[in-house]
Amino acid sequence: MTTATALWSFALVVGLLTLTPGLDTALVLRTAALGHRARAWGVVLGIQTGVLAWGALTSLGVTALLTASHLAYEALRWAGAAYLVWMGVQMLRKTFGGHAVREAVRERATPDTFTAGWRQGTLTNLLNPKVGAFYVAVLPQFLPADTDHLAMGLLLTTEHILLGLLWSAVLIAGARLLSAWLRRPTARRTLDRLTGTVITAFGLRLALGD
C-alpha cells in the first residue's frame, strides 16, 4: 500500500465514521443549539484532542495494552460507562420539576467558556475505550511497511481530526440557525431529554459490552 492509497482509504473509513450519528454529534449539537458557541467549539476540540491522543498512542504501540490486558480494558470501560451514565442522568434529572427552572437560570448565568467544553469533550473521548479499540484494530492496516509508523500514524490521525472539524463546523452552523427556537423552555427540555437519553444509552451499552 502506498502512502497516497493509505490516506485516501483511511479518509473514506473515518469519513463514514464521522458522519454516523453518535455521542460526539449529540454533545456538539446540544451545546451549540443552546447558543454556547465557545463551549461548543471547546467540546469539538476536546474530542479531537482525544482522537489525537488515541492516534499517537496507537502509533507508539501503547494502546495495544488495551487489547493485551483485559484488566486495563475493563477498568477503562467501566470508568467511561460510569462517566457517560452520570452525565446523561444529570441531564435528564434537570429537565423535571423545579430542576428545569433552576437549570434554565443556571445556564443563563453560566459563562460560555471554551475551557469547560474542552474538558467535557476530552474526557468523553478519552474515557471511551471503543475509540482506542478502533484505532488499535484499524490504524495499523493503513501504515505502509516502508514508512515511519509514528509519523504516518500521526498523519492519518490528523486527517481524521480535519474531517471531524469540518463536520463539526457544519453541525454548529446548523444548530445556530435553530438556536432561538431550541432555547425555548419546551424545546430545551426536549433537546436535553433526547441528548440525555442518547448519552445514558451509550454508557449502558459500554457497560454491557455491546
Side-chain angles (χ1 to χ4, degrees), residues 10 12-34 40 42-44 46-59 61-97 99-100 103 116-142 157 160-161 163-164 167-168 171 188-210:
F10 191 72
L12 178 61
V13 172
V14 295
L16 292 173
L17 180 67
T18 299
L19 292 174
T20 302
L23 176 60
D24 293 348
T25 301
L27 282 177
V28 172
L29 279 176
R30 188 258 180 188
T31 308
L34 295 178
V43 170
V44 169
I47 290 168
Q48 302 313 322
T49 298
V51 170
L52 178 60
W54 284 117
L57 290 173
T58 300
S59 301
V62 175
T63 49
L65 292 173
L66 287 176
T67 54
S69 171
H70 181 71
L71 179 60
Y73 181 86
E74 286 298 298
L76 185 58
R77 182 169 70 87
W78 281 105
Y83 173 71
L84 292 177
V85 170
W86 174 83
M87 185 164 59
V89 169
Q90 287 293 103
M91 197 173 291
L92 289 170
R93 183 180 65 84
K94 291 171 182 177
T95 65
F96 292 97
H99 292 298
E103 181 62 12
W118 181 84
R119 283 198 302 265
Q120 184 180 37
T122 303
L123 273 175
T124 301
N125 192 279
L126 289 179
L127 287 175
N128 187 353
K130 290 191 174 183
V131 180
F134 168 80
Y135 265 85
V136 169
V138 174
L139 189 65
Q141 300 179 43
F142 295 90
T157 302
H160 188 184
I161 290 171
L163 289 172
W167 179 235
S168 295
L171 292 176
R188 161 68 177 276
R189 284 194 298 272
T190 301
L191 176 65
D192 281 357
R193 286 172 185 174
L194 178 61
T195 308
T197 299
V198 169
I199 292 173
T200 303
F202 268 97
L204 292 174
R205 282 188 60 190
L206 190 56
L208 295 173
D210 293 336

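A search for side chain to side chain contact (heavy atoms under 4.5 Å, CB included) contacts involving Ile161 returns Gln48, Val51, Leu52, Thr157, Leu165, not counting sequence neighbours. Residues that satisfy the side chain to side chain contact (heavy atoms under 4.5 Å, CB included) test with Thr25, not counting sequence neighbours, are Leu29, Trp167, Leu171. Listed by chain and residue number, Trp54 satisfy the side chain to side chain donor-acceptor pair (under 3.5 Å) test with Asn125 (two or more places apart in sequence, or in another chain). Checked against side chain to side chain donor-acceptor pair (under 3.5 Å), Trp118 has the following partners two or more places apart in sequence or in another chain: Thr49. Partners of Ser168 under the side chain to side chain contact (heavy atoms under 4.5 Å, CB included) rule, at least two apart in sequence or in another chain, are Val44.
Among all heavy-atom pairs drawn from Leu23 and Thr124, the shortest one is CD2-CG2, 3.3 Å. Closest approach of Tyr135 and Pro140 over heavy atoms only: O-CD, 3.3 Å. Across all their heavy atoms, Ala53 and Leu126 have their closest contact at CB-CD2, 3.8 Å. Of all heavy-atom pairs between Ser59 and Leu139, the closest is OG-CD2, 3.7 Å.
Between His160 and Phe10, the two ring planes are perpendicular [angle over 60°; tilted spans 30° to 60°].
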